[in-house]
Amino acid sequence: MSRYTASDIEKKWQETWDKAGVFTVERDESRPKYYVLEMLPYPSGRIHMGHVRNYTMGDVIARYKMARGFNVLHPMGWDAFGMPAENAAMAVGGHPKDWTYQNIDDMRAQMKPLGLSIDWSREFATCDPEYYGQQQALFLDMLEKGLIYRKNAVVNWDPVDMTVLANEQVIDGKGWRSGAPVERRELTQWFFRISDFAEELLDAIDGLKDWPEKVRLMQKNWIGKSRGLEMAFELATPVNGFDKVEVYTTRPDTLMGASFIGISPDHPLARALEAENPDLAAFNAECRRMGTSEADLETAEKKGFDTGLKARHPLNPDWELPVWVANFILMDYGTGAIFGCPAHDQRDLDFARKYALPVIDTFIARENGKPVENEAFVPPKTEPVQWINHFAGLDVATGQEAIDRTIEYAEKHGWGQGKTQYRLRDWGLSRQRYWGCPIPVVHCDDCGVVPEKKENLPIRLPDDVTFDIPGNPLDRHPTWRNTTCPKCGKPAQRETDTMDTFVDSSWYYARYTAPHAKTPTSAPDVDYWMNVDQYIGGIEHAILHLLYSRFFARAMHLTGHLPAKAIEPFNALFTQGMVTHEIYQTRDEKGRPVYHLPEDVENGKLKATGEPVEIIPSAKMSKSKKNVVDPVNIVSGFGADTARWFVLSDSPPERDVEWTSSGAEGAYKHLGRVWRLAQEIAKSETPANKDDLPLEKALHRTIDDVTRGIEGFAFNTSIAKLYAFTNTLAKSAAGAAIRQKAMRILAQLMSPMTPHLAEEIWDLLGGKGLVTQAEWPVADPEMLVEEDVTLPIQVNGKRRSEITVPKDMPKEEVEKLALADQAVQKALQGQAPKKLIVVPGRIVNVVV
RNA sequence: GCCCGCGUGGUGGAAUGGUAGACACAGGGGACUUAAAAUCCCCAGGCAGAAAUGCCGUGCCGGUUCGAGUCCGGCCGCGGGUACCA
């Protein structure tokens with residue numbers, strides 16, 4: 001009997017697949033297609049367990065659909081632009097390009113042994129000029145269509161390094177390298193008009209039936225449609241040409257509870273007042289000395305500055321409200337100004353208590369309603385409340401009714417206008433960095449901003465750049481910027497901003513359908529292959545990447561690069577959970593954290609020095625925190641099938657998993673057992689006998705269960721059923737013929753998960769051709785029928801006994817049998833039951 | 001802060017509102033072996049009990065229901081996102 005040696009088996013079958021070209025696909029109008037896509041990886045240099053999990057899941061689907069007769073497209077590529085390559089260049093020298101392509105080579109080499117059913121002929125990296133050149137063409141088409149424009153926007157500015165920082169590079173309000181407090185700085189940047197599509201992107205969510213409900217909800221909330229009131233508060237005394245403050249509110253019903261006007265430090269009025277008021281200028285400057293991220297702004301201590309200005313309440317000219325500058329008001333949302341209603345907004349209440357501003361109740365709870373003290377009263381908008389102060393004469397009404405009435409009232413009396421507002425902002429795509437797709441425009445002194453000519457694409461990144469000083473090397477490159485104006489031919493300068501890497505990943509799925517086309521897409525190929533039938537990726541992309549892709553598909557349709565059917569590019573989405581791991585850290589002499597790889601830590605101490613490490617609870621595996629486990633060790637030690645089997649069996653795919661190294665060995669043992677069983681069964685000569693039928697029934701039950709599991713992304717339960725059937729088959733004394741059939745089908749059912757071992761067993765048992773290309777087995781419905789069922793009997797909802805009855809026994813007879821049961825008799829003590837519930841085929845409950 | 005999830009034995013987890021803990025991992029016991037490894041068999045939520053069995057038990061508190069891990073309300077803890085990490 002030969003031992004299970006994964007390395008031999010796996011190499012052999014991978015070569016066989018390659019030679020036969022089984023995963024290389026062509027457009028074939030005569031066959032139905034199926035497009036499986038996993039979110040493309042960032043080439044960090046090493047694959048991690050999250051990758052293995054992601055690609056194995058996709059591979060199971062791809063192989064299963066292949067067995068179901070589909071022409072399956074299953075491509076792979078690299079999301080290759082981005083900050084880490086520049087950081088590496090800064091930290092250890094070298095060029096981002098070399099670092100990136102080396103990482104791609106390394107990762108591909110680690111990925112190939114997994115035996116994924118990928119069509120590698122379609123591979124590309126987003127940093128290939130052939131790819132980003134086509135992206136530049138898309139940019140020009142979208143610019144022409146008015147989908148892209150320029151405006152000012154704020155960035156994080158490191159005043160010491162003189163460079164723009166990403167939010168991730170701002171730690172506690174300071175630049176990560178210089179340690180200097182960051183500032184906000186305004187730059188002119190390029191934007192996609194995604195907010196013009198807010199309503200459509202929102203409506204279309206309802207059509208995404210095969211997306212997880214949580215993702216649809218998150219996207220809805222992100223788009224954030226709200227109906228509110230736009231209105232103005234007149235200033236009691238006009239100042240610097242300002243005679244009013246425009247305010248947008250979603251709770252106009254609380255207008256009688258207004259106690260102050262709050263404006264953003266970036267509000268034009270706040271800026272205008274700075275000139276005469278050095279204290280205010282200092283306050284605003286302090287507010288601006290802070291990162292731009294929403295989380296930072298929202299969690300920062302709420303601070304305000306009284307401008308001394310007064311604004312008149314629109315319903316009572318004698319009622320004057322103080323105008324404050326407040327650090328928690330975003331210039332980006334609404335008008336950058338609010339009225340504060342402390343009684344019905346916790347943040348406003350905290351602010352009011354801090355600065356001794358009035359708190360005015362406008363409504364109270366209908367039962368035991370009390371004035372607000374230190375907790376704002378914010379009931380759901382659908383809950384009726386008792387109004388104590390409403391100009392439109394409301395008594396009892398829900399918040400929503402009051403909002404509607406208020407808007408109506410304001411419009412009728414001409415002091416306000418109902419307005420639908422979205423939280424979604426336009427997508428800023430400019431990045432002040434080198435390692436990204438150059439924005440193909442030219443700045444000309446005479447003609448202004450001029451799009452590059454398409455025949456000049458791709459606008460390539462120059463190779464001769466250095467990263468010894470911070471900032472964008474394109475800005476300081478001696479020659480690259482110099483060009484001629486595409487319009488007038490005079491000397492001009494290239495745009496040095498590059499594109500957000502989210503642009504790269506917003507259309508790669510379309511490019512896979514024709515990766516070498518001379519245009520961004522080719523019509524027959526996108527028509528045939530689009531949409532992606534099953535998209536699989538991390539839940540961390542639930543909003544940005546998926547929303548941008550949905551927008552981009554629409555923009556590509558409007559510019560003629562995608563058919564109308566592809567404006568929602570992903571038919572079905574599955575979001576896998578993350579693989580997490582504890583984080584190990586020590587601190588350097590300055591107290592800054594230093595992270596360590598799990599493989600360098602043993603029993604809470606560094607293997608090398610014995611220094612104890614601080615253990616931080618599990619978080620998403622990330623290179624920067626070094627809490628990554630290398631799957632290569634598992635693959636080289638136990639084989640790809642073991643790694644694949646284990647990663648699928650370990651937990652439900654949508655759930656986060658905390659990685660522990662135990663378990664892989666158990667998977668390996670099991671596969672060895674299956675292999676031994678196959679060999680034993682191959683040699684069996686047992687004649688047919690009475691055990692044949694039970695085995696065959698179990699086989700069909702397993703086909704059904706496993707197939708359902710795969711269809712429903714419940715790979716872990718599919719695998720549990722495969723374990724159970726392996727046990728059944730091993731113990732069965734049935735004849736050789738049926739056991740061999742069962743073994744062959746078991747191999748087939750395992751083949752999406754452990755394709756190499758499955759081929760080996762299939763081959764051993766005389767299966768025709770490759771199991772990879774064999775037709776998926778179908779359960780015989782007659783074999784699934786059970787004659788008897790076991791019903792638990794409950795007394796008052798607690799299980800006390802059980803009875804086994806024929807499946808179709810009438811309810812009355814089941815009742816009789818149940819009442820006759822000893823445990824039931826004992827509980828009844830001669831009394832009649834109060835109630836008797838029989839759920840056919842399920843349960844009996846006796847209420848006494 | 002806000003939006004979205006998740007929470008079940010020692011561990012990973014299973015369970016269309018219907019027998020909580022399937023299937024595994026780790027563990028314990030046994031068989032085989034000179035011995036070990038490998039393999040095979042058995043046990044295993046907690047408490048009490050020799051056992052039969054009883055009570056408790058799905059983060060916490062409350063509710064709906066004949067029946068709740070599952071539905072509803074409120075908390076606690078953890079994770080993801082928060083627009084320049086990808």
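Chain letters run A, B, ... following the sequence lines, proteins first, then strands; residues in each count from 1. Computed from a predicted structure; not experimentally measured.
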Whole-Å distance, A:Met218 CE to B:C3 P, equals 13 Å
note: A:Lys835, atom NZ; B:U65, atom C1'; distance rounded to Å ~ 9 Å
The nucleotide from B:G18, B:C56, B:C84 with an atom nearest the side chain of A:Lys798 is B:C56
Is there, by distance only and without an angle test, a donor paired with an acceptor across the side chain of A:Asn167 and the base of B:C84 below 3.5 Å? no
Could a donor-acceptor pair under 3.5 angstrom be found where the side chain of A:Arg423 meets the base of B:U82? no
Walking RNA chain B from its 5' end, the first of A:Ala714 and A:Arg800 to be reached, judged by nearest nucleotide, is A:Ala714
Relative to its sugar, using the 90° cut-off around 0, the base of B:G9 is syn
Practice item. Answer yes or no: is there a donor N or O on one side and an acceptor on the other, between the side chain of A:Asn221 and the main chain of A:Gly224, under 3.5 Å? Key: no
* To do: Show your working on ring pair (Phe, Tyr, Trp, His ring centres under 6.0 Å) between A:Tyr4 and A:Trp675 and close with a plain yes or no.
  => CA-CA 6 Å; A:Tyr4 171 56; A:Trp675 175 233; 7.4 Å; no
Between A:Arg431 and B:C84, is there a side-chain N or O to OP1/OP2 distance below 4.0 Å? yes
Side-chain atoms of A:Ser651 come closest, of B:U39, B:G13, B:A24, to B:G13
Angle between ring planes, A:Trp427 versus A:Tyr548, binned at 30° and 60°: parallel, tilted or perpendicular? parallel
From CH2 of A:Trp675 across to P of B:U39 the rounded distance in Å is 17 Å
- Please confirm whether any donor atom in the side chain of A:Glu294 sits under 3.5 Å from an acceptor in the base of B:G1, or the reverse. yes
Closest to the side chain of A:Arg673, out of B:C40, B:C84, B:A86, is B:C40
Would you say the ring centers of A:Tyr668 and A:Phe646 fall short of 6.0 Å from each other? no
